[in-house]
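See below for the structure under consideration.
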Amino acid sequence: MNGMEKINKLIEEYDFPLNALQEVRLRLGDWFIAGGHPDDSYVYQQARYLENLIKYGLAERKAIRE
């Protein structure tokens with residue numbers, strides 16, 4: 001799983017603060033415009049940022065819909 005796939009999976013499973021999602025989107029947009037790739041370490045760093053939000057209770061798991 002590359003960094004972008006990991007980020008997409010986290011976003012599917014958790015509700016993150018809007019400002020955090022906007023920041024990640026901005027950073028990754030700039031990264032890809034500059035020639036970055038989905039499996040670069042910078043993309044994994046952004047995934048770790050989202051994981052830390054979960055770890056510190058700043059994001060909650062989404063309710064399961066049936």
Side-chain angles (χ1 to χ4, degrees):
M1 173 181 317
N2 68 35
M4 279 307 303
E5 291 169 340
K6 186 171 185 96
I7 288 170
N8 287 331
K9 185 173 189 286
L10 289 169
I11 290 171
E12 283 180 21
E13 293 179 8
Y14 290 89
D15 284 321
F16 291 97
L18 181 59
N19 63 337
L21 292 176
Q22 289 172 332
E23 186 67 26
V24 169
R25 181 178 176 264
L26 178 66
R27 291 177 182 185
L28 291 176
D30 290 346
W31 182 255
F32 292 129
I33 287 172
H37 300 283
D39 57 346
D40 289 339
S41 62
Y42 186 72
V43 179
Y44 287 100
Q45 180 180 341
Q46 298 307 308
R48 283 191 305 276
Y49 168 68
L50 294 176
E51 291 172 333
N52 283 334
L53 292 176
I54 296 166
K55 179 180 175 181
Y56 293 111
L58 300 173
E60 295 184 13
R61 186 176 289 276
K62 292 180 179 178
I64 299 174
R65 297 182 187 130
E66 294 185 31

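In what follows, every heavy atom counts, from backbone to side chain, and hydrogens, waters and symmetry copies are set aside. It should be emphasised that the depicted structure is a prediction, and the values quoted were computed from it without experimental measurement.
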Given the rule in the side-chain contact (heavy atoms from CB on, under 4.5 Å) test, do Leu21 and Ile11 qualify, once you have shown the distances and angles that lead to the verdict? CA-CA 9 Å; Leu21 292 176; Ile11 290 171; 3.9 Å; yes
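For residues 9-22, the pairs satisfying side-chain hydrogen bond (donor to acceptor under 3.5 Å, both in side chains) are Lys9-Glu13, Tyr14-Arg61, with sequence neighbours left out.
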Donor-acceptor pairs under 3.5 Å, side chain of residues 45-60 to any protein atom, not counting sequence neighbours: which ones?
unit_1 : atom_1 : unit_2 : atom_2 : d
Glu51  : OE2    : Lys6   : NZ     : 3.1
Asn52  : ND2    : Arg48  : O      : 3.4

Anything under 3.5 Å between a donor and an acceptor, one on a side chain of residues 23-32, the other on a protein residue two or more places apart or in another chain? List them.
unit_1 : atom_1 : unit_2 : atom_2 : d
Glu23  : OE2    : Arg27  : NE     : 3.0
Glu23  : OE2    : Arg27  : NH2    : 3.4
Trp31  : NE1    : Asp40  : OD2    : 3.2

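No continuous path of hydrophobic side-chain contacts links Phe16 to Tyr44 [ILVMFWY only; heavy atoms under 4.5 Å].
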